[in-house]
Amino acid sequence: MEFGPLNRPETIDLKPADKKTGASDTTHIVLTFENNRHASALFGQFDQHLALIEQKLGVDARARGNQVSIRGDETAIVQARRTLDYLYERLQEGGEVRTSDVEGAIRMSVAADDQLTLPTMENKGKMAFAQIATRKKTVVARTPTQDAYIRAMDRSELVFGVGPAGTGKTYLAVAHAAQLLERGLVERIILSRPAVEAGERLGYLPGDMKEKVDPYLRPLYDALYDMMPGDKVERAITAGIIEIAPLAFMRGRTLANAAIILDEAQNTTTMQMKMFLTRLGENARMIVTGDPSQIDLPRGARSGLVDALNILKSVEGVVTVRFSSSDVVRHPLVGRIVAAYDAEYEPIAGAGKPDAA
């Protein structure tokens, strides 16, 4: 059985537990990590990373020096070893391991044996996380759906990222756009979002067009500043390399050589969505994100995102990646809140595994 990364830790023991103990289904392995400093970072302060692996996978993990002893059923043992294997290699490459990284590695490890990232892709039998790398930051997929989303953006010209808040769909879209710009694969980034108020009345907004729409685009800005140095972002905005394009003013344009992002797309009308999608020009990439369960349009108005997902489901070259509450990468409580609301109010467009058309 393959576990993925090179430079694997040494396995000292792999055997079934003594049947006399009544735990005949339990397996035991001992892993040794050569670098003591990396082993300490891997296990976490007060072994908190190992405790998280115990909690999520149902194993017993005990550290002693640069070794860790793991007991549990065979499947859980493989998943725990795969998780530690990947994280140790990440440390060897100069990366950090935080609690969120451990949670992501566990999710990916559980899915690694049978996760298909997209229908056209091979079965993933080992840990191979999709990632987005800019000069300032490298973002690694933390869930199988994020993995599928990143790979879809790499391969497709039009991608829909659909699902609840906190799943990273907007953040990853902006990261991907920043990566394309830095690599010279596009000449500009265009950010758009419908200016629809989320249930409250904001009143008159002073200032020029940029100042009027900035509050609506703040999540996109935050992600940009995470991916690129602040002074570079400001210069790019001034030079028009990063463009703020209010949805209402995009009619008649052809957007070529650009990475184009439409965020909060559930708040577009059907005609607005059609208008936006038909702006796609030569050598352009378009990413549309939204959550059909949070539509803020006036009562009776149809969501352009919901219509587009239905109308374009059989169109070649259009890829839809659907996130669910299990993909939430914010505070764990956020995932439980989303799941509770989904149980009470069935989402309009549903959620589930990635699909491609």
Side-chain angles (χ1 to χ4, degrees), residues 117-121 130-135 139 148-162 169-194 209-210 213 217 220-221 223-224 227-228 232-233 235-265 268-290 304-305 307-321 354-357:
T117 56
L118 285 174
T120 56
M121 293 183 184
Q131 62 183 33
I132 300 171
T134 66
R135 291 190 183 96
V139 182
Y149 188 46
I150 294 173
R151 295 175 191 272
M153 291 188 291
D154 284 337
R155 299 184 178 204
S156 305
E157 294 176 335
L158 175 57
V159 177
F160 286 87
V162 183
K169 56 188 185 296
T170 298
Y171 188 83
L172 293 175
V174 175
H176 179 71
Q179 176 183 260
L180 293 177
L181 182 65
E182 284 192 350
R183 294 182 178 180
L185 299 176
V186 298
E187 297 176 356
R188 55 187 173 147
I189 296 173
I190 298 173
L191 306 176
S192 188
R193 198 180 194 193
M209 183 57 66
K210 178 179 178 301
V213 300
L217 294 165
L220 302 177
Y221 278 123
L224 268 177
M227 295 299 124
M228 303 168 63
K232 186 174 181 179
V233 173
R235 289 197 302 269
I237 292 174
T238 301
I241 296 173
I242 297 176
E243 180 183 350
I244 311 304
L247 184 60
F249 292 90
M250 293 186 68
R251 188 175 300 278
R253 301 182 62 186
T254 298
L255 306 175
N257 301 306
I260 312 150
I261 299 173
L262 175 61
D263 191 34
E264 298 290 341
T268 62
T269 65
T270 296
M271 294 312 297
Q272 283 177 327
M273 178 61 77
K274 179 183 177 183
M275 179 272 293
F276 178 81
L277 295 176
T278 54
R279 301 309 94 196
L280 187 66
E282 185 177 355
N283 190 40
R285 297 293 183 95
M286 184 175 283
I287 307 164
V288 179
T289 68
L305 176 61
D307 277 351
L309 293 174
N310 291 326
I311 294 169
L312 303 179
K313 61 185 177 182
S314 299
V315 175
E316 183 180 356
V318 178
V319 176
T320 299
V321 179
D355 60 83

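Being a predicted model, the structure only gives us computed values, none of them experimental.
Panel note: side chain Q179, backbone T134; no donor-acceptor pair is recorded below 3.5 Å. Judged purely by atom type and a 3.5 angstrom limit, E182 uses its side chain to pair as donor or acceptor with the backbone of R135. Side-chain atoms of Y149 come within 3.5 Å of backbone N or O of K169 as a donor-acceptor pair. Distance alone, capped at 3.5 Å, places no donor-acceptor pair between the S156 side chain and the M153 backbone.
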L277 and L312: CA distance, side-chain angles, deciding distance, side-chain contact (heavy atoms from CB on, under 4.5 Å) verdict:
CA-CA 11 Å; L277 295 176; L312 303 179; 3.6 Å; yes

From CA spacing to verdict: side-chain contact (heavy atoms from CB on, under 4.5 Å), H176, D154
CA-CA 8 Å; H176 179 71; D154 284 337; 3.4 Å; yes

Take R155 and V319 through the test side-chain contact (heavy atoms from CB on, under 4.5 Å) and record every step on the way to the result.
CA-CA 9 Å; R155 299 184 178 204; V319 176; over 6 Å; no

Taking it one step at a time, do M227 and V139 satisfy side-chain contact (heavy atoms from CB on, under 4.5 Å)?
CA-CA 9 Å; M227 295 299 124; V139 182; 3.5 Å; yes

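To the nearest 0.5 Å, atoms OG1 (T268) and CE (M275) are separated by 9.0 Å. Considering CG of L185 and CG of N257, their distance stands at 11.0 Å, rounded to 0.5 Å. From I260, atom CD1 reaches atom CE of M250 across 6.5 Å, with rounding to the nearest 0.5 Å. Interatomic distance, L220 CG to I242 CD1, rounded to the nearest 0.5 Å: 11.0 Å. Atoms OG and CD, from S192 and Q272 in turn, are 9.0 Å apart once rounded to the nearest 0.5 Å. Distance check, rounded to the nearest 0.5 Å: CG of L305 to OG1 of T269 gives 12.0 Å.
Between A130 and R151, the shortest heavy-atom distance links the atoms N-NH2, 3.7 Å. Contact between A173 and I287 at its shortest, heavy atoms only, is CB-CG2, 3.7 Å. Across A265 and V288, no two heavy atoms sit closer than the pair CB-CG1, 3.4 Å. Counting all heavy atoms, side chain and backbone alike, K274 lies closest to T278 at O-OG1, 2.8 Å. In plain terms, the two heavy atoms of L262 and P194 that are nearest each other are CD1-CD, 4.0 Å. Across all non-hydrogen atoms, the minimal contact from A284 to L255 is CB-O, 3.4 Å.
Listed by chain and number, the residues in a salt bridge (Lys or Arg N to Asp or Glu O under 4.0 Å) with R251 amount to none (sequence neighbours excluded). E243 pairs by the side-chain contact (heavy atoms from CB on, under 4.5 Å) definition with R188, I190, A245, R253, not counting sequence neighbours.
With contacts defined as side-chain heavy-atom distances shorter than 4.5 Å, the pair L191/L224 qualifies.
More than 12 heavy atoms of other residues, nucleotides or ligands lie within 6.0 Å of CD in Q131, so this atom counts as buried by the packing criterion.
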